[in-house]
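Note sheet for the following structure.
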Amino acid sequence: MIAELADVRRLLMVNKFLYPKGGAELYMYGLAGLLEEQGIGVGYFGMRHPRNLPSPTDRFYVSQVDFEQPPPGVERLKLAGRAVYSLEARRRMAALISAQPRLDLAHLHNVYHQLSPSILAPLHRAGIPVVMTVHDYKLVCPVYTLTSHGEMCERCVGGHFQNAVRLRCNRGSLAGSALVAGESWLHRTLRLWEHGVDVFVTPSSYLRDKLIEGGYPPDRVVAVPNFVDPERFRASPAAGGYFLYLGRLSHEKGVETLIEAAAGTPLQVRVAGEGPERERLERLAAGSGAQVEFVGHRSGDELQRLVAGARAVVVPSRWPENCPLVVLEAMAVAKPLIASRVGGIPELVRDGQEGLLVPHGEVAPLREAMRRLAESDELTVRLGMAGRERVEALYGPERHLRHVAAAYRQATRLRLEAAA
């Protein structure tokens, strides 16, 4: 047992989705597994959904809602109110706390909109310490991404949320932008997150700095990068024949830049993933003459074979990625990265040591980095093996759990001091 976990016997994981939907959920379940190996009981609270994994506490979950396709009229107004402050979530969280044995700590993840900060009130009344892993920029950016219409933007950091309305950052909608900006303004004015969360954990120092710039207390924001278990990945340093993109096919991921970089060259690219931009990107690739193959979503052994056969993994993001798991997993397979120099990526990949970093959104530097690796097996293998060594030294599960445990102990101490 890790010493810092000695006082934690039962813990509640809180996230709006309770199935492996994306990176936040995969991280949450991975961490829960590490905690259970330490003998800690882990429960869950979130939203009802047909894909939810089974849980003894699912009777307390809040009703399902789809913010992507909101209902019309009055029901839409009710939905907006729930996004700002959900009375249902507060009531159901209180019921869970009353019905369960003593909870030693609550660990929050993505709780915006479907749950809202209303869940913090019953946790506070019960004296339960709260740690929140901040997976995105929502606490300082109403639209989560520190971008506006596809370009990186920090105008709202510091509480200047009117900029999101002025620029119509929420899908170009004035009403939608006003809603998310008003929500952020209200939560900040009432200091709901600051008062309800004892310790904020960010997966990158970049995000930690943005929270501090946004007014969150520096002594309660700690950077703990994500983890990967190298033993789950077979190192495959041999230089493969294609460059690989893994992830969602959406504008901020920069796949368009990758396609344009491959156009007019013999460089082969495979794109694994799905998303709203797939059809447009396929048309772009076909029109450019780039040698790009779209292989759709891949997982399990099929995905591992795909990565093992690559020369390098490309992360051409146009937004400040936080701590993408795809980077750590590529390094665990001993594949070099070609990645945008944005957000937390340079904290994981050092230029010229585990990969090659390039300016985001620029075609020529990306093409040149791909050519460098295509022309040198020696460089490809050397960068890939260095990545594997870095993962083993810095991003393994035991080291990660010790840092999370330290955040748990800090949260417990702060909650006890507040109650004294």
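Quick note: residue numbers are just sequence positions, from 1.
One distance of note links CG of Leu356 with CD1 of Ile338; it measures 5.5 Å at 0.5 Å rounding. Rounding to the nearest 0.5 Å places CE of Met385 at 7.5 Å from CZ of Arg388. Here the straight-line distance linking atom CG of Leu139 with atom CD of Glu194 works out to 11.0 Å at 0.5 Å rounding. Residue Leu115 holds its CG atom at 10.0 Å from CG of Asn110, rounded to the nearest 0.5 Å. With rounding to the nearest 0.5 Å, the separation of CZ in Arg298 from CD in Glu274 is 9.0 Å. With values rounded to the nearest 0.5 angstrom, Leu34 atom CG is found 12.0 Å from Arg402 atom CZ.
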Worked verdict on Ser250 versus Glu252 for side chain to side chain donor-acceptor pair (under 3.5 Å): CA-CA 6 Å; Ser250 53; Glu252 72 277 3; 2.8 Å; yes
CA sep, side-chain torsions, deciding dist, call: Ser205, Arg208, side chain to side chain contact (heavy atoms under 4.5 Å, CB included): CA-CA 5 Å; Ser205 296; Arg208 179 198 62 202; 3.6 Å; yes
Derivation of the side chain to side chain contact (heavy atoms under 4.5 Å, CB included) call for Leu123 and Met93: CA-CA 8 Å; Leu123 290 167; Met93 175 63 82; 4.1 Å; yes
ring-ring contact (aromatic ring centres under 6.0 Å, His included) between Tyr61 and Tyr44, worked out: CA-CA 9 Å; Tyr61 295 175; Tyr44 295 90; 8.3 Å; no
Steps toward salt bridge (charged side-chain N to carboxylate O under 4.0 Å, His left out) verdict (Arg10, Asp104): CA-CA 6 Å; Arg10 288 185 54 80; Asp104 297 307; over 6 Å; no
Step-by-step side chain to side chain donor-acceptor pair (under 3.5 Å) determination, Glu321 to Trp319: CA-CA 6 Å; Glu321 295 272 8; Trp319 77 296; 3.2 Å; yes
Test log, rule side chain to side chain contact (heavy atoms under 4.5 Å, CB included), inputs Arg318 and Thr257: CA-CA 9 Å; Arg318 298 182 182 185; Thr257 308; 3.5 Å; yes
Chi angles and distances behind the side chain to side chain contact (heavy atoms under 4.5 Å, CB included) call for Thr202, Lys210: CA-CA 10 Å; Thr202 65; Lys210 295 307 166 191; over 6 Å; no
CA sep, side-chain torsions, deciding dist, call: His360, Ser317, side chain to side chain donor-acceptor pair (under 3.5 Å): CA-CA 6 Å; His360 73 278; Ser317 297; over 6 Å; no
Worked check of side chain to side chain donor-acceptor pair (under 3.5 Å) between Arg82 and Ser63: CA-CA 11 Å; Arg82 168 174 171 169; Ser63 56; 3.1 Å; yes
Verdict with reasoning, His107 to Tyr408, per ring-ring contact (aromatic ring centres under 6.0 Å, His included): CA-CA 9 Å; His107 191 150; Tyr408 288 176; 5.5 Å; yes
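Within a 6.0 Å radius of CD in Glu378, more than 12 heavy atoms belonging to other residues, nucleotides or ligands are found. For Asp219, the CG atom counts as densely surrounded, since its 6.0 Å shell holds more than 12 non-hydrogen atoms of other residues, nucleotides or ligands. His251 NE2: more than 12 foreign heavy atoms inside a 6.0 Å radius. Within 6.0 Å of CZ in Arg280 there are more than 12 heavy atoms belonging to other residues, nucleotides or ligands. Within 6.0 Å of CD in Glu417 there are more than 12 heavy atoms belonging to other residues, nucleotides or ligands. The 12-atom threshold is not exceeded at NE2 of His297, counting heavy atoms of other residues, nucleotides or ligands nearer than 6.0 Å. By the neighbour-count criterion of 12 heavy atoms within 6.0 Å, atom CZ of Arg168 is sparsely surrounded, having that number or fewer from other residues, nucleotides or ligands. Residue-environment remark: CZ (Arg372) stays at or below the threshold of 12 foreign heavy atoms within 6.0 Å.
Between Phe17 and Tyr19, the angle of the ring planes goes over 60°, which puts this pair in the perpendicular group of the 30/60° scheme.
The pair Glu88-Arg92 counts as a salt bridge, with a side-chain nitrogen and a carboxylate oxygen less than 4.0 angstrom apart. Ion pair Arg341/Asp351 flagged as a salt bridge, since at least one NZ, NE, NH1 or NH2 atom sits closer than 4.0 Å to an Asp/Glu carboxylate oxygen. Between Glu25 and Lys16 there is no salt bridge, since none of the side-chain N atoms of the basic residue sits less than 4.0 Å from a carboxylate O of the acidic one.
In this structure a side-chain-to-backbone donor-acceptor pair under 3.5 Å is missing from Glu293 to Val271. In this structure a side-chain-to-backbone donor-acceptor pair under 3.5 Å is missing from Ser184 to Ala181. Counting only distance, with no hydrogens or angles, the side chain of Ser204 and the backbone of Leu207 share a donor-acceptor pair below 3.5 Å. Side-chain atoms of Ser116 never come within 3.5 Å of backbone atoms of Ala83 as a donor-acceptor pair (strictly under, hydrogens ignored). With Lys335 contributing its side chain and Ala238 its backbone, the two residues share a donor-acceptor pair below 3.5 Å. Between the side chain of Asn226 and the backbone N or O of Cys323 there is at least one donor-acceptor pair closer than 3.5 Å. The backbone N or O of Leu348 lies less than 3.5 Å from a partner atom in the side chain of Arg390, making a donor-acceptor pair.
In this structure, the side chains of Tyr245 and Lys253 come closer than 4.5 Å at one or more pairs of heavy atoms. Proximity of Thr57 to Gln100: side-chain heavy atoms (C-beta onward) are separated by under 4.5 Å at one or more points. Leu394 has its side chain within reach of Arg399: a pair of non-hydrogen atoms, C-beta onward, lies under 4.5 Å apart. In this structure the side chain of Leu325 never reaches within 4.5 angstrom of the side chain of Val228, judged on heavy atoms. The shortest distance between side-chain heavy atoms of Leu105 and Thr412 falls below 4.5 Å. Inter-residue side-chain proximity for Asn15 and Val111 is flagged as unmet; no heavy-atom pair is nearer than 4.5 Å. Taking 4.5 Å as the limit, every side-chain heavy atom of Cys156 sits out of range of all side-chain heavy atoms of Val140. Considering only heavy atoms from C-beta on, Thr133 stays 4.5 Å or farther from Leu31 through its side chain.
Closest approach of Tyr206 to Gly344, counting heavy atoms only: CB-N, 4.1 Å.
Ring-centre distance between Tyr112 and Trp193: below the 6.0 Å cut-off. Aromatic ring centres of Phe200 and Tyr216: separated by under 6.0 Å.
In this structure, a donor-acceptor pair under 3.5 Å is present between the side chains of His400 and Tyr27.
Listed by chain and residue number, Cys153, Leu167, Cys169 satisfy the side chain to side chain contact (heavy atoms under 4.5 Å, CB included) test with Ser148 (two or more places apart in sequence, or in another chain). Legend: residues meeting side chain to side chain contact (heavy atoms under 4.5 Å, CB included) with Arg188, ordered by chain and number and at least two apart, are Phe161.
Stacking of Arg311 on the aromatic ring of Phe243 is not recorded, the 6.0 Å distance cut-off and the 45° axial limit not both being met.
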